[in-house]
Visitor: 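Before I ask anything, here is the structure I am working with.
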Amino acid sequence: MEASLRHLLTTHDIAPTGELEPLSGGDSAAVYTLATRQGRVIVKHDDPERLRGEAEGLHALAGANISLIIPEVLGQAEGWLVMEALETQPANKQDATALGEGLRQLHGVIGTSHGWHEDNACGLTPQPNAPLADGRQFQRERRLLPLCEACFQRGLLDSALRRRIEQQAEQLERWLPDAPGSLVHGDLWSGNVLTTPRGPALIDPAIYRHYPETDLAMLTLFGSPGDAFFEAYWNGNAPADWPRREALFQLYPLLNHLLLFGASYRSGVERSVTLLERD
């Protein structure tokens, strides 16, 4: 065990009783479980700034006073993050309902602008969060256009598809109403939702304030949380243009996947753009 991690554990009165045991599933950070006298903890080793952003996101989610379970941050320093380990179990319909209700509570935490007081990261991708008052402008200037340009520069988008994305970004004011920025998880794919004996839990945030559909579209990108989730989340108030919003807010994570994992995600990007062009 590295001296910097031992020092962090000692500083927070965490006494190891074993060695780090690797866990699978981390795309960027090395993730481990560690037995201690206080129980098992999760240990992540990564770029210090990314871990600092994750720790702040967990603190913000916990501070929102929602019904969802957020793992406690036990310590963070010098490229290490130590967190509460959560016991998991298979999900059922009640958990889907609880997730919908809890996410609605989270999105009810409203700010004065879209963005965050500092940048963070979504996976390995730096995520610019400089606040803007208008959500359409934020989606265009902080999300779609920077990633579109990055993908184009790496040869992952041709000039025609790049221009189509730019056109959709430029036309957001034509159909998407402005709205206050809700607190969002920011990277809410299904792998970042855990089911625990205490209820659904959220991990690995890339937090900021934006349209609530940011999280919903990410949840449906590689599957669906199910009817019970949406019934609880919408509570009878589903927007009529949800399919169009879903296509829009899936475009950013698809561009991010294209940037991180390569050309196999290009068809998903084009599909979302085509759906936006039909309306």
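Basis for what follows: all heavy atoms, side chains included, without hydrogens, waters or symmetry-related copies. The first residue of the sequence shown is numbered 1, and numbering continues consecutively from there. Given the structure is predicted, the values throughout are model-derived calculations rather than measurements.
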Visitor: Does any N or O in the side chain of Gln38 come within less than 3.5 Å of the main-chain N or O of Ala15, such that one atom is a donor and the other an acceptor?
Guide: yes

Visitor: With a 3.5 Å cut-off and no angle check, do the side chains of Glu101 and Gln105 form a donor-acceptor pair?
Guide: no

Visitor: Does a side chain donor of either Arg209 or Thr112 reach within less than 3.5 Å of an acceptor in the other side chain?
Guide: no

Visitor: Are side-chain N/O atoms of Asp215 and His107 paired as donor and acceptor at under 3.5 Å?
Guide: yes

Visitor: Using a 3.5 Å distance criterion without hydrogens, assess whether the side chain of Asn129 forms a donor-acceptor pair with backbone atoms of Glu118.
Guide: yes

Visitor: To the nearest 0.5 Å, what is the distance between CG on Leu58 and CD on Gln76?
Guide: 10.5 Å

Visitor: Run the side-chain contact (heavy atoms from CB on, under 4.5 Å) check on Val82 and His12 step by step: do they pass?
Guide: CA-CA 10 Å; Val82 183; His12 292 277; over 6 Å; no

Visitor: I want to check something: taking the side chain as every heavy atom from C-beta on, are Glu231 and Thr97 in contact at a cut-off of under 4.5 Å?
Guide: no

Visitor: Which heavy-atom pair separates Gly191 from Leu194 by the least distance, and what is that distance?
Guide: O-CD2, 4.3 Å

Visitor: Quick check on the hydrophobic clustering: are Leu258 and Leu161 connected, directly or via other members, by side-chain heavy-atom contacts under 4.5 Å?
Guide: yes

Visitor: Can Leu260 and Leu124 be said to form a side-chain contact (heavy atoms from CB on, under 4.5 Å), step by step?
Guide: CA-CA 8 Å; Leu260 292 173; Leu124 289 171; 3.8 Å; yes

Visitor: Can you check whether Tyr211 reaches Asp178 side chain to side chain, under 4.5 Å on heavy atoms?
Guide: yes

Visitor: Considering non-hydrogen atoms only, spot the tightest contact between Gly186 and Cys122 and give its length.
Guide: O-SG, 4.1 Å

Visitor: I'd like to know if the side chain of Asp187 and the backbone of Pro205 have a donor-acceptor N/O pair within less than 3.5 Å.
Guide: no

Visitor: Once the angle between the rings of Phe138 and His114 is folded into 0 to 90°, is it parallel (under 30°), tilted (30 to 60°) or perpendicular (over 60°)?
Guide: tilted

Visitor: Could you check whether the rings of Tyr32 and Trp80 sit parallel, tilted or perpendicular, using 30° and 60° as the cut-offs?
Guide: tilted

Visitor: Using every non-hydrogen atom in the two residues, find where Pro180 and Ile110 come nearest and quote the distance to one decimal.
Guide: CB-CG2, 3.3 Å

Visitor: Does any non-hydrogen side-chain atom of Leu156 lie less than 4.5 Å from one of Val269?
Guide: no

Visitor: Report yes or no: is the cationic atom of Arg143 (NZ for Lys, CZ for Arg) under 6.0 Å from the centre of the six-membered ring of Tyr208, at an angle within 45° of the ring normal?
Guide: yes

Visitor: For the CG atom on Asn92, are there more than 12 heavy atoms of other groups (residues, nucleotides or ligands in this structure) within a distance under 6.0 Å?
Guide: yes

Visitor: Can you tell whether the side chains of Arg140 and Glu173 come within less than 4.0 Å, N to carboxylate O?
Guide: yes

Visitor: Give me the ring orientation class for Trp242 and Trp234: parallel if the planes are under 30° apart, tilted from 30 to 60°, perpendicular past 60°.
Guide: perpendicular

Visitor: Do you know which of Glu56, Glu49, Gln127 makes side chain to side chain donor-acceptor pair (under 3.5 Å) with Asn120?
Guide: Gln127

Visitor: Side-chain heavy atoms nearer than 4.5 Å, only ILVMFWY residues, links allowed to pass through others: does that put Leu219 and Leu275 together?
Guide: no

Visitor: Given the rule that I, L, V, M, F, W and Y join up when any side-chain heavy atoms are under 4.5 Å apart, are Phe261 and Leu254 in one cluster?
Guide: yes

Visitor: Does the side chain of Asp95 come under 3.5 Å of the side chain of Thr195 through a donor N or O and an acceptor N or O?
Guide: no

Visitor: Working to the nearest 0.5 Å, report the span between CD1 of Ile203 and CG of Asn192.
Guide: 5.0 Å

Visitor: Between the side chains of Glu170 and Arg163, is the shortest nitrogen-to-carboxylate-oxygen separation below 4.0 Å, so that they form an ion pair?
Guide: yes

Visitor: Are any of the side-chain heavy atoms of Val73 and His59 separated by less than 4.5 Å?
Guide: yes

Visitor: Quick one, Pro239 and Glu213 - any side-chain contact, counting heavy atoms below 4.5 Å?
Guide: yes

Visitor: Give me the ring orientation class for Tyr265 and His257: parallel if the planes are under 30° apart, tilted from 30 to 60°, perpendicular past 60°.
Guide: tilted

Visitor: Which value, rounded to the nearest 0.5 Å, describes the distance between Thr214 atom OG1 and Leu248 atom CG?
Guide: 8.5 Å

Visitor: For the residue pair Tyr233 and Phe229, categorise the inter-ring angle as parallel (less than 30°), tilted (30 to 60°) or perpendicular (more than 60°).
Guide: parallel

Visitor: Take Arg164 and Thr274 through the test side-chain contact (heavy atoms from CB on, under 4.5 Å) and record every step on the way to the result.
Guide: CA-CA 9 Å; Arg164 289 170 64 195; Thr274 299; 3.1 Å; yes

Visitor: Does Arg142 reach the main-chain N or O of Ala130 with its side chain, forming a donor-acceptor pair under 3.5 Å?
Guide: yes

Visitor: Would you mind reporting whether Trp116 and Ile207 have side-chain heavy atoms less than 4.5 Å apart?
Guide: yes

Visitor: Might you point out which heavy atoms bring Leu157 and Cys148 nearest each other, and give the distance in Å?
Guide: CD1-O, 3.7 Å

Visitor: Shared ILVMFWY cluster between Leu255 and Leu172, side chains joined below 4.5 angstrom?
Guide: yes

Visitor: Ignoring hydrogens, what is the shortest heavy-atom contact between Leu86 and Ala201? Give both atom names and the distance.
Guide: CD1-CB, 3.6 Å

Visitor: Please check if Ile69 and Ile42 belong to a single hydrophobic cluster, counting links between Ile, Leu, Val, Met, Phe, Trp and Tyr side chain heavy atoms closer than 4.5 Å.
Guide: no

Visitor: Of all the heavy-atom pairs spanning Leu202 and Leu106, show the shortest one and how long it is.
Guide: CD1-CD2, 4.5 Å

Visitor: Kindly indicate whether the side chain of His45, heavy atoms from C-beta on, has any atom under 4.5 Å from the side chain of Leu5.
Guide: no

Visitor: Is any side-chain heavy atom of Leu34 less than 4.5 Å from a side-chain heavy atom of Leu9?
Guide: yes

Visitor: Given 3.5 Å as the limit, does a donor-acceptor pair link the side chain of Thr33 with the main chain of Glu21, or not?
Guide: no

Visitor: Between CD of Gln139 and CG of Leu145, what distance do you get to the nearest 0.5 Å?
Guide: 9.5 Å

Visitor: In Å and rounded to the nearest 0.5 Å, what is the CG to CD distance from Leu276 to Gln167?
Guide: 12.0 Å

Visitor: Walk me through whether Leu8 and Glu78 qualify under side-chain contact (heavy atoms from CB on, under 4.5 Å).
Guide: CA-CA 9 Å; Leu8 176 62; Glu78 299 186 51; over 6 Å; no

Visitor: Is it true that Arg50 and Glu54 make a salt bridge, defined as a side-chain N closer than 4.0 Å to a carboxylate O?
Guide: no

Visitor: Distance from Ile165 atom CD1 to Leu147 atom CG, nearest 0.5 Å?
Guide: 9.5 Å

Visitor: Is there a donor-acceptor pair under 3.5 Å between the side chain of Thr220 and the backbone N or O of Gly223?
Guide: no

